[in-house]
Amino acid sequence: FTQLAKLIRSAVKENGSGDPNSNPSLRLILDKARAANMPKENIQRAIDKGLGKSSTGQAYQEFLYEGFGPQGVGLLIEVVTDNPNRTSSEVRTLLSKAGGSLAGPRSVSYLFQRNQAGEYEPTIPMPADDEVKEKLAELIENLEELDDVEAVYTNGG
């Protein structure tokens, strides 16, 4: 459901409409969500999030968290949240469990550059052995399972 919710949010943001009749990409994703038996509440929450509305009345904000993973591998974590304190706590906890830490602004971002598609690519890759790659893959998977996390980029590999 997490991946479907991200696709719904993305389709709504791209086309600026939460109406499936005027947003064909949203309609296609909603069909997939219904086929996967995604609850209506989750679908509506994803649409609202894409429109920037929240059930709590708070506006959604975009953040770029910087952190370090196992053996100092750099991570950029894009989030969209209505509760930055909760999200930073969740991200910090997952990084900590994986042997990493949340970092301050500009402490990791200099290792990346933004490409034409708006995604981050490492400018200074960090070689990692198989054990670190495995831990890193698990950490990224755990981060991506958080509802507020949109994307995770790393320079390890």
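These numbers come from the heavy atoms of this one structure, side chains and all, not from hydrogens, waters or symmetry mates.
Hydrophobic clustering of Ile, Leu, Val, Met, Phe, Trp and Tyr side chains at less than 4.5 Å, counting indirect connections, unites Leu30 with Met38. Residues Leu146 and Leu76 do not share a hydrophobic cluster, defined by chaining ILVMFWY side chains whose heavy atoms lie under 4.5 Å apart. Phe63 and Ile140 fall within the same hydrophobic cluster, where Ile, Leu, Val, Met, Phe, Trp and Tyr residues are linked whenever their side-chain heavy atoms come under 4.5 Å apart, directly or through other members.
A donor-acceptor pair is defined here as one N or O able to donate and one able to accept, closer than 3.5 Å; no such pair exists between the side chain of Asn23 and the backbone of Gly16.
Applying the side-chain contact (heavy atoms from CB on, under 4.5 Å) criterion to Leu111, with sequence neighbours excluded, gives Val108, Ile124, Asn155. Under the side chain to side chain donor-acceptor pair (under 3.5 Å) criterion, Ser22 pairs with Ser17, not counting sequence neighbours. Contacts of Tyr120 classified as ring-ring contact (aromatic ring centres under 6.0 Å, His included), with partners at least two apart in sequence or in another chain: Tyr153. A search for side-chain contact (heavy atoms from CB on, under 4.5 Å) contacts involving Glu138 returns Asn142, not counting sequence neighbours. Listed by chain and number, the residues in a salt bridge (Lys or Arg N to Asp or Glu O under 4.0 Å) with Lys135 are Glu131 (sequence neighbours excluded). Evaluation of the side chain to side chain donor-acceptor pair (under 3.5 Å) rule for Glu144 yields no partner, not counting sequence neighbours. Legend: residues meeting salt bridge (Lys or Arg N to Asp or Glu O under 4.0 Å) with Glu66, ordered by chain and number and at least two apart, are absent.
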Are Asp148 and Arg86 close enough, and set up right, to give a salt bridge (Lys or Arg N to Asp or Glu O under 4.0 Å), and what steps lead you there?
CA-CA 10 Å; Asp148 296 334; Arg86 180 198 68 234; 2.4 Å; yes
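There is no side-chain donor-acceptor pair under 3.5 Å between Asn85 and Thr87.
Distance CG/Leu26 to CG/Asn15: 8.0 Å, rounded to 0.5 Å. The line from CD of Glu78 to OH of Tyr65 is 12.5 Å long, rounded to the nearest 0.5 Å. Of the inter-residue distances, the one linking Lys49 atom NZ with Gln44 atom CD reads 14.0 Å to the nearest 0.5 angstrom.
Residues Val73 and Val132 have side chains in contact (heavy-atom distance under 4.5 Å, counting atoms from C-beta outward). Proximity of Thr154 to Met126: side-chain heavy atoms (C-beta onward) are nowhere separated by under 4.5 Å. Looking only at side-chain heavy atoms (C-beta outward), Leu75 and Leu95 come within less than 4.5 Å of each other. The closest side-chain heavy-atom distance from Leu4 to Ile43 is not below 4.5 Å. With contacts defined as side-chain heavy-atom distances shorter than 4.5 Å, the pair Val149/Ile77 qualifies.
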Show every donor-acceptor pair shorter than 3.5 Å between a side-chain atom in residues 96-106 and any protein atom, with sequence neighbours excluded, or say none if there are none.
residue: Arg106; atom: NH1; partner: Ser109; partner atom: OG; Å: 3.2

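For residues 72-115, no residue pair satisfies the ring-ring contact (aromatic ring centres under 6.0 Å, His included) rule, not counting sequence neighbours. Applying the side-chain hydrogen bond (donor to acceptor under 3.5 Å, both in side chains) rule to pairs touching residues 28-43 yields Asn42-Arg45, sequence neighbours excluded. Sorted by first and then second residue, the pairs that involve residues 4-13 and meet side-chain hydrogen bond (donor to acceptor under 3.5 Å, both in side chains), not counting sequence neighbours, are Arg9-Glu150, Ser10-Glu14, Lys13-Glu62. Applying the ring-ring contact (aromatic ring centres under 6.0 Å, His included) test to pairs two or more places apart or on separate chains, none has a residue in residues 79-109.
Considering every non-hydrogen atom in both Ile47 and Gly18, the closest pair reads CG2-CA, 3.8 Å. For Ile29 against Ala11, the heavy-atom pair with the smallest separation is CD1-CB, 3.8 Å.
Heavy-atom contacts from other residues, nucleotides or ligands closer than 6.0 Å to CD of Glu134 number 12 or fewer.
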